[in-house]
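Heads up: the structure comes next, in structure tokens.
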Amino acid sequence: MRVLSRDIAKHIGKKVEIQGWVHKKRLLGGLTFINVRDRSGLTQVVIQDKDEVEKLRGLQIGTVLVVTGTAVEESRAPGGAELHDPMLTVMTSVTDEPPIEIDKPLGHKPDNLDTLLDNRPIGLRNLQETAIFKVQAKVLEAFRNFFADNDFTEINSPKLLAEATEGGAETFKLDYFGKTATLAQSAQFYKQMMVGVFERVYETNPTFRAEPSATTRHMTEYITIDAEIGFIDFEELLNYAGNCLISVVQAVQKDCAAALKMWNVPEIVLPNVGEKIPRLTITEIHDKFVKATKEDHTSEDDLAPAEERWVCDYAKKNLGSEAVLVTGWSSQSKTFKFYHRANEENPELADRADLLFRGVEITTLSMREHRYDRLIAQLKANGGDPESPGYAPLLSVYKYGMPPHGGWGWGLERTVQKLLGLSSVKEASLFPRDINRLAP
RNA sequence: GGGCCUGUAGUGAAGAGGCCUAUCACGUCUCCCUGUCACGGAGAAGAUCGCCGGUUCGAAUCCGGUCAGGCCCGCCA
């Protein structure tokens with residue numbers, strides 16, 4: 001009966017069997033320590049019998065073992081317990097040394113990112129790398145909990161589409177039995193349609209962008225946490241997003257303390273649950289940024305990357321939050337998409353915001369235009385054809401009754417990147433895809 | 001797409017015209033070591049310095065090209 005490393009301390013004095021990978025060997029002559037890795041962590045095994053040690057001769061880290069031994073309480077052992085008088089059985093022997101070290105932190109210098117990613121299948125066994133994806137899993141779990149608590153239904157929309165319609169990002173095209181298909185650049189239209197069915201929906205799926213972006217925050221495939229909420233106003237939408245971020249961060253702080261420590265994450269400065277994420281308009285940020293840096297972006301209708309970094313730092317120092325909701329977007333610029341809704345009192349502005357966290361945009365949220373006639377007018381003004389098969393299914397739901405609604409697209413990897421202070425978003429993806437990487 | 005930068009054993013780094021027959025650390029191999037946890041000690045193997053060409057008496061080092069990456073900007077989330 002297999003016992004996991006995390007449960008060794010519950011079996012003190014008993015003979016137990018563990019199964020896992022050799023993670024580290026330390027030979028001290030008459031005494032040998034090995035660490036055996038399983039899904040719950042490491043077990044220290046103390047070997048004194050020379051014949052047992054000999055079984056490991058020539059075998060490398062990664063060798064898969066069955067070890068039976070006596071669980072012993074030992075204050076000098078990591079975790080307070082270890083296995084004594086072990087009997088080793090090699091399940092899978094490994095004679096090749098790993099191409100990348102797995103028993104100590106790997107370098108994350110940008111210059112060496114390529115090596116790190118080329119060796120991903122093995123490098124991810126490094127516990128520091130594993131921790132990134134434990135955090136990612138926790139983030140996803142926290143999102144799901146947030147959505148469940150708020151009565152959302154999880155959906156999965158198709159990623160193979162007939163044509164690109166949303167506008168904005170470039171799409172990937174591929175052969176589809178002689179026709180051209182595109183990979184979904186977002187779940188936008190489908191989640192909007194599903195508001196007419198479920199009111200509140202979300203999905204956590206990949207999305208594909210054929211943008212030639214070569215930066216530390218872009219990938220061609222990434223996971224978005226897409227949410228869409230019916231019967232909501234802009235103010236409520238902003239609060240939903242803010243509360244969602246806070247609850248996700250708190251879940252990570254509560255359950256991933258070891259990972260945060262491993263990555264030397266400084267204290268995360270955010271408001272408490274129920275309090276509001278600070279809001280600043282684009283204009284306010286432009287003005288403050290000019291004063292602080294003499295760098296002028298006041299004529300632009302979007303924030304420059306340097307402004308995004310600066311304003312999060314500013315808010316951390318002055319507003320008690322490393323997250324900022326950026327409002328005050330123009331409804332007259334190309335940042336305004338045809339399905340966005342202009343503000344009722346000030347039609348020059350859009351009911352739209354970006355959520356910035358630790359210097360990067362992690363979420364875009366907006367209210368959608370739900371009034372059929374206005375939506376058609378906005379689409380036409382944008383050059384779109386309401387009769388085209390790309391728009392007709394979406395438009396039909398507005399014809400047959402949609403409430404005011406809004407939602408967001410939230411970048412999972414960016415969130416994890418910023419949570420752990422990783423230098424590139426690619427480090428927060430198991431197998432990242434970018435402009436020049438398609439493997440592994 | 002534009003600008004700037006990098007490429008040296010499996011991994012990470014040093015070397016910036018001759019001291020290079022290329023140095024160090026980790027890893028690997030052999031030996032010693034009974035409380036290690038980035039164990040320690042002694043020794044060994046492992047690199048035609050990304051590739052092609054040029055300058056030079058002499059190139060890891062300078063120049064040109066090329067390939068592979070990175071960072072910032074643009075685009076975009």
Side-chain angles (χ1 to χ4, degrees), chain A residues 23-35 42-50 53 57-61 72 74-79 82 84 94-119 122-123 126-128 166-171 185-188 206-226 295 297 300 302-306 308-309 334-335 337 354-357 360-366 408-415 417 423-426 434-437:
Chain A
H23 193 72
K24 181 71 184 174
K25 289 192 274 188
R26 272 185 280 272
L27 290 79
L28 277 68
L31 190 63
T32 293
F33 296 96
I34 62 169
N35 290 328
L42 300 177
T43 303
Q44 175 161 285
V45 178
V46 185
I47 313 171
Q48 289 181 285
D49 185 336
K50 295 256 188 259
V53 177
R57 181 175 287 270
L59 297 183
Q60 302 294 332
I61 282 169
V72 173
E74 170 57 73
S75 61
R76 289 171 294 183
E82 62 188 10
H84 282 193
V94 174
T95 50
D96 296 303
E97 58 181 298
I100 195 159
E101 292 179 57
I102 66 164
D103 62 328
K104 65 183 58 171
L106 292 170
H108 274 247
K109 262 180 60 180
D111 284 351
N112 304 324
L113 191 59
D114 217 33
T115 308
L116 187 73
L117 297 178
D118 282 345
N119 293 298
I122 311 306
N126 187 297
L127 295 184
Q128 190 141 357
E166 192 193 326
E170 284 294 315
T171 54
Q185 57 162 301
S186 83
Q188 187 61 40
T207 152
F208 306 90
R209 305 273 164 107
E211 294 295 333
S213 303
T215 79
T216 53
R217 65 206 127 87
H218 289 91
M219 295 189 287
T220 49
E221 174 179 351
Y222 65 101
I223 304 291
T224 44
I225 294 140
D226 267 295
E295 202 181 313
H297 293 278
E300 295 166 21
D302 197 350
L303 294 181
E308 295 182 345
R309 291 187 288 267
K334 66 177 160 59
T335 63
K337 293 181 180 171
D354 275 5
L355 177 58
L356 271 36
F357 178 56
V360 76
E361 174 193 335
I362 57 170
T363 315
T364 297
L365 52 155
S366 81
W408 66 64
W410 193 310
L412 173 65
E413 296 91 340
R414 282 187 179 182
T415 304
Q417 177 203 351
S423 54
S424 168
V425 70
K426 291 161 202 171
D434 66 27
I435 191 164
N436 39 32
R437 176 176 289 278

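Chain identifiers are assigned alphabetically (A, B, ...) following the order of the sequence lines, protein sequences preceding nucleic acid strands; residue numbering begins at 1 within each chain.
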Rounded to the nearest 0.5 Å, how far apart are CE of Met219(A) and OG of Ser424(A)? 8.0 Å
Taken to the nearest whole Å, CG/Leu113(A) to P/G70(B) is 6 Å
If you apply the rule salt bridge (charged side-chain N to carboxylate O under 4.0 Å, His left out), what do you find for Asp114(A) with Lys426(A), and how did you get there? CA-CA 10 Å; Asp114(A) 217 33; Lys426(A) 291 161 202 171; over 6 Å; no
Within the modelled atom types, does a donor on one side and an acceptor on the other bring the side chain of Gln60(A) and the base of U28(B) under 3.5 Å apart? no
Of Glu101(A) and Leu106(A), the one whose closest RNA chain B nucleotide lies more 5': Leu106(A)
Between G12(B) and G53(B), how far apart are the two P atoms, rounded to whole Å? 28 Å
Could you work out which one of C71(B), U6(B), U36(B) sits closest to the side chain of Thr216(A)? C71(B)
Side-chain N,O (Arg437(A)) to OP1/OP2 (A68(B)) below 4.0 Å: no
Let me know, please, whether Asp302(A) or Gly58(A) comes out on the 5' side of the other along RNA chain B by nearest nucleotide. Gly58(A)
Whether Thr32(A) contacts U34(B) is assessed here as follows: a side-chain N or O lying under 4.0 Å from the phosphate OP1 or OP2. Is that the case? no
Given that both distances must come in under 3.5 Å, which nucleotide forms a Watson-Crick or G-U wobble pair with U55(B)? none
From C-beta outward on Thr215(A), which listed nucleotide comes closest to its side chain: G74(B), U36(B), C76(B)? G74(B)
Nearest 0.5 Å, what's the CG-OG1 distance between Asp302(A) and Thr335(A)? 6.5 Å
P atom, C26(B) versus C63(B): distance in rounded Å? 35 Å
Would you say that Trp410(A) contacts Ile362(A) through its side chain, given a criterion of any heavy-atom pair below 4.5 Å between the two side chains? yes
A9(B) pairs with which nucleotide, Watson-Crick or G-U wobble, both distances below 3.5 Å? none
Could you check which of A13(B), G74(B), C76(B) has an atom nearest any side-chain atom of Pro305(A)? G74(B)
In the structure shown, which nucleotide is the Watson-Crick or G-U wobble counterpart of C33(B), with both distances under 3.5 Å? none
What's the gap between U61(B) and U55(B) when it is taken at their C1' atoms, as a whole Å value? 13 Å
Please confirm whether any donor atom in the side chain of Ser213(A) sits under 3.5 Å from an acceptor in the base of C76(B), or the reverse. no
With respect to the phosphate group of C73(B), does any side-chain polar atom (N or O) of Arg309(A) fall under 4.0 Å of OP1 or OP2? yes
Nearest-angstrom distance, P atom, C31(B) to A68(B): 45 Å
Using a distance-only criterion (donor-acceptor N/O pair, under 3.5 Å, no hydrogens), is the base of G35(B) paired with the side chain of Glu82(A)? yes
Is the shortest side-chain N/O distance from Thr115(A) to OP1 or OP2 of G12(B) below 4.0 Å? yes
Nearest 0.5 Å please: distance from the CZ atom of Phe208(A) over to the OG1 atom of Thr224(A). 10.0 Å
Distance, rounded to the nearest Å, where Leu27(A) contributes CG and C32(B) contributes P: 11 Å
For Pro110(A), report the nucleic acid contact type (base, sugar-phosphate, nothing); a contact means any heavy atom under 4.0 Å. sugar-phosphate
Starting from P on C67(B), measure out to CG on Asn436(A) and report it in whole angstrom. 13 Å
Flag side-chain contact, heavy atom, 4.5 Å: Leu42(A) against Pro78(A): no
Selected nucleotide, minimal atom distance to His84(A) side chain, candidates G70(B), G74(B), G35(B): G35(B)
Given the P atoms of G27(B) and G40(B), what is the spacing between them in whole Å? 8 Å
Which residues satisfy the salt bridge (charged side-chain N to carboxylate O under 4.0 Å, His left out) test with Lys24(A), sequence neighbours excluded? Asp103(A)
Roughly, in whole Å, what's the span from CG in Leu31(A) to C1' in C37(B)? 12 Å
N/O (side chain, Arg414(A)) to phosphate O (OP1/OP2, C76(B)) under 4.0 Å: no
Under 4.0 Å from OP1 or OP2 of C76(B): is there any side-chain N or O of Lys334(A) that close? yes
Does Arg76(A) have a side-chain nitrogen or oxygen under 4.0 Å from the phosphate oxygens OP1 or OP2 of U34(B)? no
Shortest side-chain distance from Pro212(A), nucleotide among C72(B), C37(B), C75(B): C75(B)
Rounded distance in Å - CG (Asn112(A)) to P (C71(B)): 11 Å
Under a 3.5 Å limit for both distances, which nucleotide forms a Watson-Crick or G-U wobble pair with G27(B), could you say? none
What is the base-pairing partner of A60(B), counting Watson-Crick and G-U wobble geometry with both distances under 3.5 Å? none
Distance check, P atoms only: C76(B) and G54(B), in whole angstrom units. 47 Å
Going by the rule side-chain hydrogen bond (donor to acceptor under 3.5 Å, both in side chains), which residues pair with Thr364(A) if we only count those two or more places apart in sequence or in a different chain? Asp354(A), Glu361(A)
On a whole-Å scale, what distance lies between the C1' atoms belonging to G43(B) and C62(B)? 40 Å
Between atom NZ in Lys104(A) and atom P in C37(B), what is the gap in whole Å? 11 Å
Counting C-beta onward and ignoring hydrogens, is there a side-chain heavy-atom pair between Val72(A) and Val46(A) closer than 4.5 Å? no
Using atom P in both nucleotides, what's the gap between C20(B) and G15(B) to the nearest angstrom? 15 Å
So what does Ala77(A) touch, heavy atoms closer than 4.0 Å: a base, only the sugar-phosphate, or nothing? base
In whole Å, I'd like the distance from the CG atom of Leu28(A) to the C1' atom of G41(B). 12 Å
Base-pairing assignment for C4(B) (Watson-Crick or G-U wobble, both under 3.5 Å): G70(B)
Taking atom P of A38(B) as reference, at what distance in whole Å does atom CD of Gln128(A) sit? 13 Å
With sugar-phosphate meaning primed atoms plus P, OP1 and OP2, does Pro98(A) contact a base, only sugar-phosphate, or nothing at under 4.0 Å between heavy atoms? nothing
